[in-house]
Amino acid sequence: MFPRFVLQLPPWIEQYMEDPHRTYETTEARMALAIRLSRLNVDEGTGGPFAAAVFDLSAKKLVAPGVNLVLHHNCSILHAEIVAIMLAQKVLGRHDLGADESRSFELVATTEPCAMCLGAVPWSGVTRLVCGARDEDARSIGFEEGSKTKNWVESLEERNITVVRDIQRQEARAVLRHYMETGGIIYNSRSQDLFRKRFSG
């Protein structure tokens, strides 16, 4: 018998789902929410320094938040973007967020997607991806982001997914540094020793 898996967000995140009427009018406001979630995920000890959220662009409302739950659930695929996409699809009751052409959805991520999350973006149905920190910001504290093509932005835009980068990059990068400085676990499967050697002494 395999164990039953239930995706559960940390309790502290519920306050951000309580007001269905709250709107996030600007890209900066939506990123500010994601960065706040990433910081809380670190400070509450519930996961890595990454957060994401899916927004309904027509209504300017939050559909679903996501935070990194890799360590919390002992599951390497539970990156913030994956969690946000999964929950948004459950909230809306469909596997393709783009199925209703009268509405469009945006994925806001505090750091550019790793190779896995990048692959999930086109399948999710979002039409806009907004990123805070850059790939190299995550790599600079030891996270392995996987192999991505240099033209990944153009590849998404060819699929009619708008990509916006560097929104509040400094604030998002500060959370990454905060995670490292407070002893956060760099949970790559086999690259931790290489990172320790690079930054030791």
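Numbers for residues simply follow the sequence, beginning at 1. The structure displayed is predicted, hence computed values, not measured ones. Computation of the quantities below employed the complete heavy-atom set of this structure, encompassing side-chain atoms and omitting hydrogens, waters and symmetry-equivalent molecules.
No more than 12 heavy atoms of other residues, nucleotides or ligands shown are found within 6.0 angstrom of CD1 on Ile77.
Considering every non-hydrogen atom in both Ala88 and Ala64, the closest pair reads N-CB, 3.5 Å. Residues Leu37 and Ala51 approach most closely at CB-CB, 3.7 Å, considering heavy atoms. Residues Ala172 and Ile35 approach most closely at N-CD1, 3.8 Å, considering heavy atoms.
Residues Val130 and Thr162 fail the side-chain proximity criterion, which asks for heavy atoms closer than 4.5 Å. Side-chain atoms of Thr27 and Arg128, non-hydrogen and from C-beta on, do get closer than 4.5 Å to each other. Taking the side chain as every heavy atom from C-beta outward, Leu9 and Pro65 approach each other to under 4.5 Å. Val67 is not listed as a side-chain neighbour of Ser38, based on a closest heavy-atom distance of 4.5 Å or more.
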Could you go through the side-chain contact (heavy atoms from CB on, under 4.5 Å) check for Asp43 and His178 one step at a time? CA-CA 9 Å; Asp43 291 343; His178 173 62; 2.8 Å; yes

Practice problem: Could you walk me through whether Ile82 and Met86 pass side-chain contact (heavy atoms from CB on, under 4.5 Å), step by step? | Solution: CA-CA 6 Å; Ile82 301 296; Met86 289 172 65; 3.7 Å; yes

Practice item. Take Leu107 and Leu97, measure what side-chain contact (heavy atoms from CB on, under 4.5 Å) needs, and give me the verdict at the end. Key: CA-CA 11 Å; Leu107 175 64; Leu97 299 178; over 6 Å; no

Item to complete: Might you work through the side-chain contact (heavy atoms from CB on, under 4.5 Å) test for Leu129 and Val108, ending with a clear yes or no?
Response: CA-CA 6 Å; Leu129 170 65; Val108 175; over 6 Å; no

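Between the Asn68 side chain and the Pro49 main chain, no donor and acceptor come within less than 3.5 Å of each other. Put simply, the side chain of Ser124 gets close to the backbone of Val126: a donor and an acceptor are under 3.5 Å apart. Between the side chain of Asp56 and the main chain of Val63, no donor-acceptor pair closer than 3.5 Å is present. Glu101 contributes no side-chain N or O that, together with a main-chain N or O of Gly98, makes up a donor-acceptor pair within less than 3.5 Å. A distance-only check finds no donor-acceptor pair linking the side chain of Ser104 to the backbone of Leu57 [under 3.5 Å]. Remark: the backbone N or O of Ile161 is not paired with any side-chain donor or acceptor of Arg159 at under 3.5 angstrom.
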Distance-only donor-acceptor hits, side chain of residues 147-156, under 3.5 Å, sequence neighbours excluded:
residue, atom, partner, partner atom, Å
Lys148, NZ, Pro113, O, 2.6
Lys148, NZ, Asp135, OD2, 3.4
Thr149, OG1, Asn151, OD1, 3.1
Ser155, OG, Asn151, O, 3.1

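Annotation: salt bridge (charged side-chain N to carboxylate O under 4.0 Å, His left out) contacts of Asp166 (sequence neighbours excluded): Arg134.
To the nearest 0.5 Å, the span separating CG on Asp19 from NE2 on His21 amounts to 6.5 Å. Taking CD of Glu81 as the reference point, atom OG1 of Thr111 lies at 7.5 Å (rounded to 0.5 Å). Distance check: Leu71 CG to Ile185 CD1 gives 5.5 Å after rounding to the nearest 0.5 Å. Separation of atoms CD1 (Ile13) and CG (Leu40) is listed at 8.5 Å; rounding is to 0.5 Å. Between atom CD of residue Glu181 and atom CD1 of residue Ile141 there is a gap of 9.5 Å, rounded to the nearest 0.5 Å.
For the pair Arg169 and Glu136, the salt-bridge criterion is met [side-chain N within less than 4.0 Å of a carboxylate O]. A salt bridge links Glu144 with Arg139: the distance from a Lys NZ or Arg NE/NH1/NH2 to an Asp or Glu carboxylate oxygen falls below 4.0 Å.
Residues Val164 and Leu118 do not share a hydrophobic cluster, defined by chaining ILVMFWY side chains whose heavy atoms lie under 4.5 Å apart. Residues Val54 and Ile167 fall into different hydrophobic clusters, defined by Ile, Leu, Val, Met, Phe, Trp and Tyr side chains chained together at heavy-atom separations under 4.5 Å. When the side chains of ILVMFWY residues are joined at heavy-atom separations under 4.5 Å, either directly or via intervening members, Leu33 and Trp12 end up in a single hydrophobic cluster. Follow the hydrophobic side-chain contacts under 4.5 Å out from Val121 and you never reach Leu87; the two are in separate clusters. Under the 4.5 Å side-chain heavy-atom criterion for Ile, Leu, Val, Met, Phe, Trp and Tyr, Leu78 and Ile85 are members of distinct hydrophobic clusters.
Identified under the ring-ring contact (aromatic ring centres under 6.0 Å, His included) test for residues 59-118, with sequence neighbours left out: Phe5-His73. Listed by first then second residue, pairs satisfying side chain to side chain donor-acceptor pair (under 3.5 Å) with a partner in residues 83-92 number zero, not counting sequence neighbours. Pairs engaging residues 43-66 under the ring-ring contact (aromatic ring centres under 6.0 Å, His included) rule: Tyr24-Phe55, Phe50-Phe143 [sequence neighbours left out].
If you run side-chain contact (heavy atoms from CB on, under 4.5 Å) between Asp137 and each of Arg173, Glu145, Glu112, only Arg173 comes through.
Thr46 and Glu44 share no side-chain donor-acceptor pair at under 3.5 Å.
Chaining together hydrophobic side chains whose heavy atoms lie under 4.5 Å apart leaves Trp123 on its own.
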